[in-house]
Enquirer: 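Before I ask anything, let me first share the structure, which is written out below as structure tokens.
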Amino acid sequence: MSLVVADPKKRSTVSGAVSGDPWAVIDAWAPGAGYKLISGAGTPTRTYQKGSGFLVAPMMLIASLEGSNLTVQGWVAPTFLARLFALFLIPAETNIGTSGFVMVIPRRMANKVVNGLLGQLGLPTIP
């Protein structure tokens, strides 16, 4: 997975200037929030995932650093099986904003922990 220009309905995206090393903050935050680094270790774009999709849809986060500008994308990615049981009414990716009725519980869970990270980094939070 990589950082992409995404539809706001699919991925919540926040960008801003950061001072210092944001990777130290992100790497310290991730285990406490239940996120694991799944790709990009040591690169300027890293992907984190919380959950395996068994009980709650996996929560995804990508952070990308270009100079002093950090871009963070967060979304929930339900499994194929969950989408099948919902007759594909659930999209493959949905943002972690708090408005809307689709996948409310995992979206609010992800919103809360990602906003905690954004606050630590001095970036705007996701409504």
Side-chain angles (χ1 to χ4, degrees):
M1 293 187 199
S2 62
L3 187 68
V4 296
V5 176
D7 179 350
K9 292 180 183 177
K10 294 182 178 184
R11 293 186 183 184
S12 299
T13 304
V14 174
S15 292
V18 292
S19 59
D21 179 20
W23 300 121
V25 175
I26 295 169
D27 290 337
W29 163 86
Y35 280 78
K36 293 181 182 175
L37 179 65
I38 59 171
S39 69
T43 68
T45 301
R46 300 178 189 180
T47 304
Y48 297 83
Q49 179 176 332
K50 178 178 182 174
S52 62
F54 183 68
L55 295 175
V56 177
M59 297 166 218
M60 307 299 297
L61 181 125
I62 291 181
S64 181
L65 184 63
E66 291 181 25
S68 65
N69 190 52
L70 181 69
T71 301
V72 177
Q73 289 184 337
W75 72 97
V76 176
T79 63
F80 175 79
L81 193 57
R83 294 185 66 225
L84 178 66
F85 286 139
L87 304 174
F88 294 99
L89 295 174
I90 298 173
E93 292 182 355
T94 189
N95 69 42
I96 59 173
T98 56
S99 64
F101 298 104
V102 176
M103 299 175 44
V104 173
I105 294 171
R107 287 174 55 212
R108 286 193 178 164
M109 289 169 57
N111 181 279
K112 183 178 178 180
V113 294
V114 170
N115 277 341
L117 170 64
L118 295 173
Q120 289 179 35
L121 292 167
L123 296 175
T125 58
I126 299 166

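Bear in mind the structure is a predicted one, so any value in this text is a computation, not a measurement.
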Enquirer: Would a distance-only check, ignoring hydrogens and angles, find a side-chain to backbone donor-acceptor pair under 3.5 Å from R83 to I90?
Expert: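 A pair under 3.5 Å: yes.
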Enquirer: Are the side chains of I62 and R11 in touch, meaning some heavy atoms are under 4.5 Å apart?
Expert: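 Sidechains of R11 and I62: in contact.
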Enquirer: When rounded to the nearest 0.5 angstrom, what is the spacing between CG in L117 and OG1 in T125?
Expert: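 These two atoms lie 11.5 Å from each other.
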Enquirer: Just grab all the side chain to side chain donor-acceptor pair (under 3.5 Å) pairs involving residues 17-26, residues at least two apart or on different chains.
Expert: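 For residues 17-26: none.
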Enquirer: Can you tell me how far apart CD (E66) and OG (S15) are? Round to the nearest 0.5 Å.
Expert: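 Going from the CD atom of E66 to the OG atom of S15 covers 9.0 Å.
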Enquirer: When you measure from the side chain of K50 to the backbone of A110, do you find a donor-acceptor pair of N or O atoms at a distance under 3.5 Å?
Expert: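 No, K50 side chain to A110 backbone: no donor-acceptor pair under 3.5 Å.
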Enquirer: What closest approach, in Å, do L65 and V18 show between heavy atoms, and which atom pair accounts for it?
Expert: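 Reported closest heavy-atom pair: CD1-CG2, 4.1 Å.
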Enquirer: What verdict does the side chain to side chain contact (heavy atoms under 4.5 Å, CB included) test give for I96 and L61, after you've listed the backbone C-alpha separation in whole Å, the side-chain angles of each residue and the deciding distance to 0.1 Å?
Expert: CA-CA 10 Å; I96 59 173; L61 181 125; over 6 Å; no
Enquirer: So which heavy atom on P91 is nearest to which on P78, and how close?
Expert: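 That would be O-CG, 3.3 Å.
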Enquirer: Over 60° means perpendicular and under 30° means parallel, so tell me whether Y48 and W29 are parallel, tilted or perpendicular.
Expert: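 Y48 vs W29 ring planes: perpendicular.
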Enquirer: Do D27 and R46 come close enough that some side-chain heavy atom pair is under 4.5 Å?
Expert: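 D27 reaches R46 side chain to side chain.
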Enquirer: Using atom types as modelled and distance alone, determine if a side-chain donor or acceptor of Q49 lies under 3.5 Å from a backbone N or O of G51.
Expert: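 Side chain of Q49 to backbone of G51, a donor-acceptor pair under 3.5 Å: yes, one is there.
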Enquirer: Are the side chains of I38 and M60 in touch, meaning some heavy atoms are under 4.5 Å apart?
Expert: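 The answer is yes; the side chains approach within 4.5 Å.
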Enquirer: Testing the basics here: between T79 and P58, what is the closest heavy-atom pair and its distance to 0.1 Å?
Expert: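 Taking T79 first and P58 second, the nearest heavy atoms are CG2-CD, 4.4 Å.
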Enquirer: Of the non-hydrogen atoms in A17 and L123, which two are nearest, and what is the gap between them?
Expert: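 It is O-CD2, 4.1 Å.
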Enquirer: What are the two closest heavy atoms between A33 and V113, and how far apart are they?
Expert: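 For A33 and V113, the tightest heavy-atom pair comes out as CB-CB, 4.2 Å.
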Enquirer: Without swapping roles, check the side chain of N111 against the backbone of I126 for a donor-acceptor pair under 3.5 Å.
Expert: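 Yes: the side chain of N111 pairs with the backbone of I126.
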Enquirer: Taking everything shown except L89 itself, do over 12 heavy atoms lie less than 6.0 Å from its CG?
Expert: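 Correct, the count exceeds 12.
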Enquirer: In this structure, would L81 and I105 fall into the same cluster of hydrophobic residues linked by side-chain contacts under 4.5 Å?
Expert: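 Cluster IDs for L81 and I105 differ.
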Enquirer: If you compare all heavy atoms of N95 against all heavy atoms of S12, which two are closest, and at what distance to 0.1 Å?
Expert: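 The answer is CB-OG, 3.1 Å.
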